[in-house]
Amino acid sequence: MRVVSGIQPTGNLHLGNYLGAIKQWVAMQDAMGPGEDCLFFLADLHALTVAIDPKELNSNTIEMAATLLAAGIDPDRAILFNQARVREHSELAWILGGTARTGWLNRMTQWKDKAGKNREGASVGLYTYPVLQAADVLLYKATHVPVGDDQKQHLELARDIATKFNQDFGVELFPLPDPLISAEAPRIMSLRDGSAKMSKSDPSDGSRINLIDSDDTIVQKLKKAKSDGDLLPDSFAGLADRPEAKNLVTIYAVLSGAAPDAVMTEFAGKGFGAFKPALADLAVATLGPIRDRLNRLLEDRSAVTEALSKGAARATALAAPTLAEAQRAVGLNI
């Protein structure tokens with residue numbers, strides 16, 4: 001089993017990022033057995049598809065890597081690197097660009113959504129980045145790729161590209177990667193609006209818990225989090241029409257590792273005056289150590305850079321033979 005997943009380097013990560021993706025990565029790493037690999041990369045090349053500030057991208061990449069390390073990614077057990085350090089990603093993407101069809105890319109939902117009515121003004125990279133995503137995965141002959149609903153179409157494209165390449169050149173180079181869908185990665189919603197996803201772009205800092213927040217800040221944000229005046233029922237299904245209550249219980253369940261119904265059983269008949277302090281204690285106990293490790297890593301960014309460099313060397317050792325095989329298949333082995 002070989003799992004490959006990437007994440008765009010953004011700054012100011014919050015609880016939703018941790019529970020929705022990073023915590024899942026740590027669990028995947030911990031579940032790997034001998035001879036199995038997890039490759040996690042910072043998708044800094046993908047970040048170039050829209051307008052960027054170079055200094056901000058550089059800083060965000062280091063901060064994202066530091067966050068992953070602080071949250072439990074072990075560079076000795078998983079392979080952690082930033083995409084730009086492994087040139088094989090770009091080289092294989094160009095080769096696969098000869099296999100992918102424009103009709104396939106025209107159907108990509110995210111291209112339509114992100115380009116909107118300004119398709120003529122969008123970057124070429126925004127249009128072709130699904131081919132780079134395919135290269136990210138196929139380069140390592142990944143067997144599984146963690147995907148959310150918004151990325152299923154891109155994995156299907158990677159499988160189509162792999163199938164066509166193998167058929168066109170009479171090789172069995174690329175296996176078809178399967179989706180790895182976790183049922184334990186719920187959407188974490190805003191603390192101010194249970195119908196909106198927790199986001200760093202929300203102008204209200206009180207809508208989210210940042211991974212760098214102090215213990216007191218975490219407590220205060222959860223104390224002020226929007227809820228309601230009703231008591232908690234004895235089943236999670238009873239919160240279907242109570243979005244803020246459902247969000248807070250979901251956060252508690254994911255942080256504690258308990259099933260939502262088990263949380264409901266524990267707090268059935270109690271109000272948020274009792275629930276919020278318990279949630280705050282749990283959040284502080286979980287996030288406090290991550291924040292402290294993150295702050296230490298950000299004080300020594302050279303250590304983070306070194307970890308990425310070592311990861312890139314390990315990734316290159318896996319990627320180079322695959323690229324060489326692809327080059328031979330298309331006649332570039334002169």
Side-chain angles (χ1 to χ4, degrees), residues 1-10 13 15 17-45 60-86 88-89 133 135-148 151 155 175 177-185 211 254-257 285-322:
M1 184 172 183
R2 179 171 291 168
V3 175
V4 177
S5 189
I7 188 170
Q8 285 224 28
T10 59
L13 299 182
L15 180 66
N17 301 128
Y18 172 67
L19 296 181
I22 299 173
K23 189 172 186 288
Q24 313 305 315
W25 280 14
V26 175
M28 290 174 205
Q29 164 196 273
D30 294 345
M32 285 292 162
E36 297 180 326
D37 298 306
C38 270
L39 292 96
F40 301 129
F41 65 89
L42 292 308
D44 46 4
L45 291 177
N60 285 348
T61 301
I62 295 296
E63 290 176 14
M64 175 69 85
T67 301
L68 294 174
L69 294 169
I73 295 298
D74 183 345
D76 292 326
R77 298 167 62 196
I79 300 176
L80 177 66
F81 63 101
N82 61 302
Q83 187 185 28
R85 285 177 177 261
V86 182
E88 285 81 1
H89 284 254
Q133 279 193 322
D136 295 335
V137 172
L138 300 179
L139 184 60
Y140 300 102
K141 299 184 178 181
T143 60
H144 294 81
V145 180
V147 293
Q151 291 295 325
L155 184 59
D178 290 320
L180 191 62
I181 302 173
S182 173
E184 301 177 357
L211 294 186
V254 182
L255 284 175
S256 66
T286 304
L287 301 179
I290 294 175
R291 178 201 59 236
D292 293 343
R293 289 193 293 270
L294 175 57
N295 286 335
R296 288 195 295 270
L297 286 166
L298 292 179
E299 290 175 358
D300 184 11
R301 296 190 176 213
S302 61
V304 179
T305 302
E306 182 178 356
L308 290 176
S309 180
K310 290 181 178 178
R314 294 174 63 194
T316 298
L318 295 175
T322 305

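Each residue takes its place number in the sequence, starting with 1.
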Member of [options] meeting the side chain to side chain contact (heavy atoms under 4.5 Å, CB included) criterion with [X]:
{"X": "Leu13", "options": "Thr67, Leu294, Asn60, Leu68", "result": "Thr67"}
{"X": "Met64", "options": "Leu69, Asn82, Thr10", "result": "Thr10"}
{"X": "Val145", "options": "Pro177, Pro179, Ser5", "result": "Pro177"}

Are [X] and [Y] packed together at the side-chain level, in the sense that at least one heavy-atom pair is separated by less than 4.5 angstrom?
{"X": "Leu45", "Y": "Asp136", "value": "no"}
{"X": "Pro75", "Y": "Lys310", "value": "no"}
{"X": "Tyr140", "Y": "Asp37", "value": "no"}

Any donor and acceptor pair, going by atom type alone, linking the side chain of [X] with main-chain N or O of [Y] inside 3.5 Å?
{"X": "Arg301", "Y": "Ile62", "value": "no"}
{"X": "Arg314", "Y": "Ala78", "value": "yes"}
{"X": "Thr322", "Y": "Leu139", "value": "yes"}
{"X": "Gln24", "Y": "Leu19", "value": "yes"}
{"X": "Thr316", "Y": "Ala312", "value": "yes"}

Which heavy-atom pair separates [X] from [Y] by the least distance, and what is that distance?
{"X": "Ala70", "Y": "Leu297", "answer": "N-CD1, 3.9 Å"}
{"X": "Ala315", "Y": "Val86", "answer": "CB-CG2, 4.0 Å"}
{"X": "Asp44", "Y": "Ala84", "answer": "OD1-N, 3.0 Å"}

In Å and rounded to the nearest 0.5 Å, what is the [atom1] to [atom2] distance from [X] to [Y]?
{"X": "His144", "Y": "Met1", "atom1": "NE2", "atom2": "CE", "answer": "4.5 Å"}
{"X": "Gln133", "Y": "Leu155", "atom1": "CD", "atom2": "CG", "answer": "9.5 Å"}
{"X": "Ile79", "Y": "Leu318", "atom1": "CD1", "atom2": "CG", "answer": "5.0 Å"}

Given the rule in the side chain to side chain contact (heavy atoms under 4.5 Å, CB included) test, do Met32 and Arg77 qualify, once you have shown the distances and angles that lead to the verdict? CA-CA 9 Å; Met32 285 292 162; Arg77 298 167 62 196; over 6 Å; no

Quick one: do the Asp74 and Gln29 side chains pair a donor with an acceptor below 3.5 Å?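 Asp74 vs Gln29: no donor-acceptor pair found between side chains.
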
His89 vs Phe81 aromatic rings, parallel, tilted or perpendicular, using cut-offs 30° and 60°? tilted

Please report the C-alpha distance between Val3 and Thr143 in whole Å, then the side-chain angles of each, then the deciding distance to 0.1 Å, and finally whether the side chain to side chain contact (heavy atoms under 4.5 Å, CB included) criterion is met. CA-CA 6 Å; Val3 175; Thr143 60; 5.5 Å; no

Take Leu287 and Leu15, measure what side chain to side chain contact (heavy atoms under 4.5 Å, CB included) needs, and give me the verdict at the end. CA-CA 9 Å; Leu287 301 179; Leu15 180 66; 3.8 Å; yes

